[in-house]
Amino acid sequence: MSLFTALSVSATGLSAQRQRAELLVENLANSETTRTADGGPYRRKDAVFSTASVDTPFQSMYASELGNQASGVQVSEIITDTREPERRYMPGHPDADTEGYVKLPNVNPAEDMVDLMSASRNYQANVTAMSAVKDMIHRSIDLLR
């Protein structure tokens, strides 16, 4: 794998973790949202990762001949929670039903904060890997001079 391919792989990781973090922040921001434009409470969202090929046209031909190909990561799907919303007795709430229950999102702020910390650490790991590759490229150039 070339150094530039290693950069591309880390870049896919950065993009995927950024998208994951955005979804987690959206979940946290809407953890008490009882009314959305779609009607009903906010629905929690999760990112599903899958492998993604990282290559240029020349590189893909070269890799197919050698039988190896670099792969990164991508967000292949965003899943919306389909479980029944939590019901909480709050008779004075404007969104309460006739029995006094309000439907709330199935968002656990503690769980999403832990996931957000994980996404942040994974993002930072990719930045560190890219910095290391960048340093290797600079050292290689210096050796050629």
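This is a predicted model, so every value here is computed, not measured. These values consider heavy atoms only, across backbone and side chains, with no hydrogens, waters or symmetry-generated copies.
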Residues Ala6 and Val133: closest non-hydrogen pair is CB-CG2, 3.9 Å
Between Lys45 and the options Ile79, Val107, Thr80, the side-chain contact (heavy atoms from CB on, under 4.5 Å) test singles out Thr80
Rounded to the nearest 0.5 angstrom, the CG-OG distance for Asp135 and Ser131 is 6.5 Å
Interatomic distance, OH@Tyr42 vs CG@Asn27, rounded to 0.5 Å, equals 4.0 Å
Here the pair of heavy atoms bringing Pro41 nearest to Pro105 is CB-N, 3.9 Å
When every non-hydrogen atom of Tyr101 is compared with those of Tyr89, the smallest separation belongs to CD2-N, 3.6 Å
Given the options Val73, Thr51, Asn126, Thr12 meets side-chain contact (heavy atoms from CB on, under 4.5 Å) only with Val73
Task: Atom CE of Met113 with >12 non-hydrogen neighbours under 6.0 angstrom - done: no
field: Beyond-backbone contact of Pro94 with Arg35, side-chain heavy atoms, under 4.5 angstrom
entry: yes
(request) Would you please test Ser15 and Gln74 for side-chain contact (heavy atoms from CB on, under 4.5 Å) and show each step? (result) CA-CA 8 Å; Ser15 177; Gln74 68 181 2; over 6 Å; no
Heavy atoms of Leu7 and Met130 approach each other most closely as CD2-O, 3.7 Å
Of Glu26, Glu22, Arg20, the one forming a side-chain contact (heavy atoms from CB on, under 4.5 Å) with Leu24 is Arg20
| message | Check this for me, if you would: do Lys103 and Glu86 make a salt bridge, where the nitrogen-to-carboxylate-oxygen distance has to be below 4.0 angstrom? | response | no
**Report entry** ILVMFWY cluster, Val48 and Val25 together (side-chain gap under 4.5 Å)
**Finding:** no
### Query
Can any side-chain N or O of Asn30 pair as donor or acceptor with the backbone N or O of Thr33 at less than 3.5 Å?
no
Under the side-chain contact (heavy atoms from CB on, under 4.5 Å) criterion, do Leu116 and Leu28 qualify, and how do the steps go? CA-CA 10 Å; Leu116 186 57; Leu28 288 167; 4.1 Å; yes
Where do Leu14 and Ser10 land on the side-chain contact (heavy atoms from CB on, under 4.5 Å) test, with the steps shown first? CA-CA 6 Å; Leu14 288 174; Ser10 290; 5.6 Å; no
Could you tell me if Gln124 and Arg121 have a donor-acceptor pair between their side chains, going purely by distance under 3.5 Å? no
* To do: Please determine if Arg87 and Glu99 form a salt bridge, counting it only when a charged side-chain N lies under 4.0 Å from a carboxylate O.
  => yes
Thr82 backbone acceptor or donor facing Arg44 side chain under 3.5 Å
no
Self-check item: Minimum side-chain heavy-atom gap Ser31-Pro109 below 4.5 Å
Solution: yes
On a heavy-atom basis, the closest approach of Pro85 and Leu104 is CB-O, 3.3 Å
Check your understanding: Taking a hydrophobic cluster as the set of Ile, Leu, Val, Met, Phe, Trp and Tyr residues connected by side-chain heavy atoms closer than 4.5 Å, whether directly or through intermediates, do Phe49 and Met117 fall within one such cluster?
Key -> no
Between Ile137 and Leu143, is there shared hydrophobic-cluster membership here, with clusters defined by ILVMFWY side-chain heavy atoms closer than 4.5 Å? no
Here the gap from Leu23 atom CG to Asp46 atom CG, rounded to the nearest 0.5 Å, amounts to 7.5 Å
Can you find a pair of side-chain heavy atoms, one from Asn122 and one from Ser118, that are under 4.5 Å apart?
yes
d(Asn106 CG, Asp81 CG) to nearest 0.5 Å is 5.0 Å
d(Gln19 CD, Ile78 CD1) to nearest 0.5 Å is 6.5 Å
